[in-house]
Amino acid sequence: MQLPIDISAVLKAATDTGAAAATPLSVSVYVDETAPGDLAGHVRALFASAGARTRVTIEYLDRGVVEPSGRDDMAVIVAGDDPAVGAQAAAVRAAGTPAMVATVSPHAVRARAEAAGAPIPAGDVAAPDTPAPAADGTLAPELADAAREPLALDDAARASLDVRMGRWIIAACSEKKLAFALAFPFVRRPLSTDAVNATALQNAGIGAVVFIPGADLPVMTLNQAKMLLQIAAAYGQPLGVERVKELAAVVGGAFLFRNVARQFAGLIPGLGWAVKAAVGFAGTQAMGRA
């Protein structure tokens, strides 16, 4: 695990919203004309709030595969019943551009694409959450209708689809993920959650491997401060009085969690490292989500 030793460099990267806002972005949205209207409208709306340096192109798959430009940072294909969706995704990937497929029928879309000879990687398919199965692997009767495809695009489904699309973007376009968050609001929460999860894992590792009493506190605190600034950057919030107040709260919270860790470590002889790791993880998660 790489510890955040070069704090100044990390903070600069986390807070350089000016450079991210000036970063040019190019996105192509390919709409399968058989895609449900509510899905197509929702995806188009997600990519409507673009930044000043962002170009979004809308293409319709009404005459087969559209030749990609190869200059895009990413592409999203709004899928319906057209088996050419897989071929369009393959053409985009062949041009060197990450391709996401947004759908409310994930299994059917992948099956049609595979049957047409252009399978879509499971990781590139973004769809709303589906009902969880019961313990025996079957769906409860009241959930059976909701599990059938196409999935209904209600408020909860739209929210889960937004999160999945945002996660895909920050994974596939990691070098420009802050620029995407500033240009498209639906990317901001997934990017912030990613920062929280990464920092929590780092602090768990710090708590487990730093054995000098008190030595882990400044490193964990600086790591949490970095996390706070990353979240602020994702939402385009500049450094100012509010950030100073929040940083002060981070320092206070760090001392609180440190005291909790010391008390529990004393109750479990020999496992103090595990307690510090657990408190470092849970405390960072709580602080970041708050």
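Note that the structure is predicted; figures quoted are calculated from it, not measured.
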Determine whether W168 and P98 make a side-chain contact, defined as any pair of heavy atoms from C-beta on separated by less than 4.5 Å. yes

Return the set of residues passing side-chain contact (heavy atoms from CB on, under 4.5 Å) with A181 (not counting sequence neighbours), or none when no residue passes. V187, R188, L191

Nearest heavy atoms of V31 and A40, plus distance in Å: CG1-CB, 4.0 Å

Got a sec, which pairs hit salt bridge (Lys or Arg N to Asp or Glu O under 4.0 Å) with one end in residues 27-37, sequence neighbours left out? none

At their closest point, which heavy atom of A116 faces which heavy atom of P83, and how far apart are they? CB-O, 3.9 Å

Using atom types as modelled and distance alone, determine if a side-chain donor or acceptor of R53 lies under 3.5 Å from a backbone N or O of A22. yes

Write out all pairs satisfying salt bridge (Lys or Arg N to Asp or Glu O under 4.0 Å) with one or both partners inside residues 87-115, taking only residues at least two apart or from two chains. D81-R112

Is the shortest heavy-atom distance from the side chain of D82 to the side chain of Q88 under 4.5 Å? no

Evaluate H42 against L161 for side chain to side chain contact (heavy atoms under 4.5 Å, CB included), listing each step before the verdict. CA-CA 10 Å; H42 181 65; L161 177 61; 4.2 Å; yes

Of all the heavy-atom pairs spanning L151 and P106, show the shortest one and how long it is. CD1-CD, 4.5 Å

Correct closest heavy-atom pair for A87 and A118 would be N-CB, 3.5 Å

Hey, is R189 close enough to D162 for a salt bridge, meaning N to O under 4.0 Å? no

Can you tell me which residue among I170, V27, T54 is in a side-chain contact (heavy atoms from CB on, under 4.5 Å) with F180? V27

Using a 4.5 Å cut-off on heavy atoms from C-beta on, say whether the side chain of C173 contacts that of M74. yes

Going by the side chain to side chain donor-acceptor pair (under 3.5 Å) test, which pairs reach into residues 169-180, not counting sequence neighbours? D73-K176

Work out which heavy atom in A99 is nearest to a heavy atom in A89; give both atom names and the distance. CB-O, 4.0 Å

Indicate yes or no for a side-chain donor-acceptor contact from R158 to the backbone of L153 under 3.5 Å, with no hydrogens or angles considered. yes

Consider only side-chain N and O atoms of T97 and D72, and report whether a donor and an acceptor are under 3.5 Å apart. no

Enter the distance from E59:CD to S69:OG here, rounded to the nearest 0.5 Å. 9.0 Å

When Ile, Leu, Val, Met, Phe, Trp and Tyr are grouped by side-chain heavy atoms lying under 4.5 Å apart, directly or through other members, which residues fall in the same group as I120? Y30, L61, V66, I77, V85, V92, V101, V109, V125

Just checking, any donor-acceptor pair under 3.5 angstrom between side chains of S26 and R71? no

Side chains of E149 and T103, heavy atoms from C-beta outward: is any pair under 4.5 Å? no

Should V104 and P128 count as side-chain neighbours, where that means a heavy-atom distance under 4.5 Å? yes

Among all residues two or more places apart in sequence or in another chain, which pass the salt bridge (Lys or Arg N to Asp or Glu O under 4.0 Å) test with D124? none

At their closest point, which heavy atom of V163 faces which heavy atom of P190, and how far apart are they? O-CG, 3.9 Å

May I ask whether V78 and Y60 are part of the same hydrophobic cluster, defined by side-chain heavy atoms of I, L, V, M, F, W, Y residues being less than 4.5 angstrom apart, directly or through others? yes

Got R164 and D129 here, is their nearest side-chain heavy-atom distance under 4.5 Å? yes

